Enquirer: 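Here's a structure for you.
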Amino acid sequence: KNEVEQSPQNLTAQEGEFITINCSYSVGISALHWLQQHPGGGIVSLFMLSSGKKKHGRLIATINIQEKHSSLHITASHPRDSAVYICAVSDNYGQNFVFGPGTRLSVLP
Amino acid sequence: KAGVTQTPRYLIKTRGQQVTLSCSPISGHRSVSWYQQTPGQGLQFLFEYFSETQRNKGNFPGRFSGRQFSNSRSEMNVSTLELGDSALYLCASSWGGASNEQFFGPGTRLTVL
């Protein structure tokens, strides 16, 4: 069983739709990160969470430590949101990253 | 503030050669981590350096090594290249490590022929 799992693997949405990407993990963590990777490779850190909920523009990230689950929500999706979204956790010592397999999102105009 | 820079951006090598990749972190960041990304394995953690010391290492063979200089710039070296080492190599810097926000460089795309 992978330590970090994401669902769905692939997601196609129409512009304006509300999108949810899920991440579940099996190890103890000090923080959970949501990353965005556009074609060409560049990775941008969207959120870092250790509890609760964070919001940045149209993006919202939540984490439930007891259930070892996090969600990334995109409201009013736009074609520029098309990217791979990666969930990563840092271990209890805060020194090691374990990555999920990524969710490939395509938002159609 | 300048972002994380990596050089070179693209590299083509042949099997058996060695390669050195460079990463310059954001000014003030003391932690530099290296990652390998391949289509088959996704993103995998290679190692992390903090104040010139390797603090943690992923599950990679000894052919993969690195170091960090006093100005926090880091290099990684891969010796005796294999075809399977073809990948995008990313570095990320942060103030303190994996529990802090990570700032990624653009990556070095290595092709081994």
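Keep in mind that what you see is a predicted model, and the values were worked out from it rather than measured. Proteins come first, then strands; the chains are lettered A, B, ... in the order of their sequence lines, and each starts at number 1.
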Enquirer: Is chain B contacted by the side chain of Leu32(A), its backbone, both, or neither, given a heavy-atom distance below 4.5 Å?
Expert: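 Looking at Leu32(A), nothing touches chain B.
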Enquirer: With a 4.5 angstrom heavy-atom cut-off, which part of Tyr35(B) approaches chain A: side chain, backbone, both or neither?
Expert: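 For Tyr35(B), the side chain is the part near chain A, not the backbone.
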Enquirer: Verify the neighbour count for atom CZ of Arg58(A): are there more than 12 heavy atoms of other residues, nucleotides or ligands below 6.0 Å?
Expert: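 Correct, the count exceeds 12.
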Enquirer: Using 4.0 Å as the upper bound for N to carboxylate O, is an ion pair formed by Arg63(B) and Asp85(B)?
Expert: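 Salt bridge between Asp85(B) and Arg63(B), a charged N being under 4.0 Å from a carboxylate O: yes.
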Enquirer: Please identify, among Leu35(A), Ile43(A), Ile29(A), the residue contributing the most non-hydrogen atom pairs under 4.5 Å to chain B.
Expert: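 Highest number of heavy-atom pairs under 4.5 Å: Ile43(A).
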Enquirer: What pair of heavy atoms forms the shortest contact from Gln102(B) to Ser33(B), and how long is it?
Expert: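 Answer, listing the atom of Gln102(B) first, then Ser33(B): OE1-OG, 4.3 Å.
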Enquirer: Chain B: which of Ser45(A), Ser50(A), Gly100(A) shares the most heavy-atom pairs with it under 4.5 Å?
Expert: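 Looking at each option in turn, the highest pair count goes to Ser45(A).
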Enquirer: Measure Ile86(A) against the heavy atoms of chain B and call it side chain, backbone, both or neither at under 4.5 Å.
Expert: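 When you check distances to chain B, only side chain atoms of Ile86(A) fall under 4.5 Å.
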Enquirer: Please say whether more than 12 non-hydrogen atoms of neighbouring residues, nucleotides or ligands are located less than 6.0 Å from CZ in Arg104(A).
Expert: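 Count not over threshold, so no.
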Enquirer: With rounding to the nearest 0.5 angstrom, report the OG1 to CG distance, Thr111(B) to Leu113(B).
Expert: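 These two atoms lie 6.5 Å from each other.
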Enquirer: In this structure, are over 12 heavy atoms from other groups packed under 6.0 Å from Asn59(B) atom CG?
Expert: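 Not buried by this count: 12 neighbours or fewer within 6.0 Å.
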Enquirer: Could you look at Leu43(B) and say if it's the side chain, the backbone, both or neither that has a heavy atom under 4.5 Å from chain A?
Expert: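 Both backbone and side chain.
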Enquirer: Heavy-atom cut-off 4.5 Å, strictly under: side chain, backbone, both or neither for Gln37(B) against chain A?
Expert: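 Contact with chain A is through the side chain of Gln37(B) alone.
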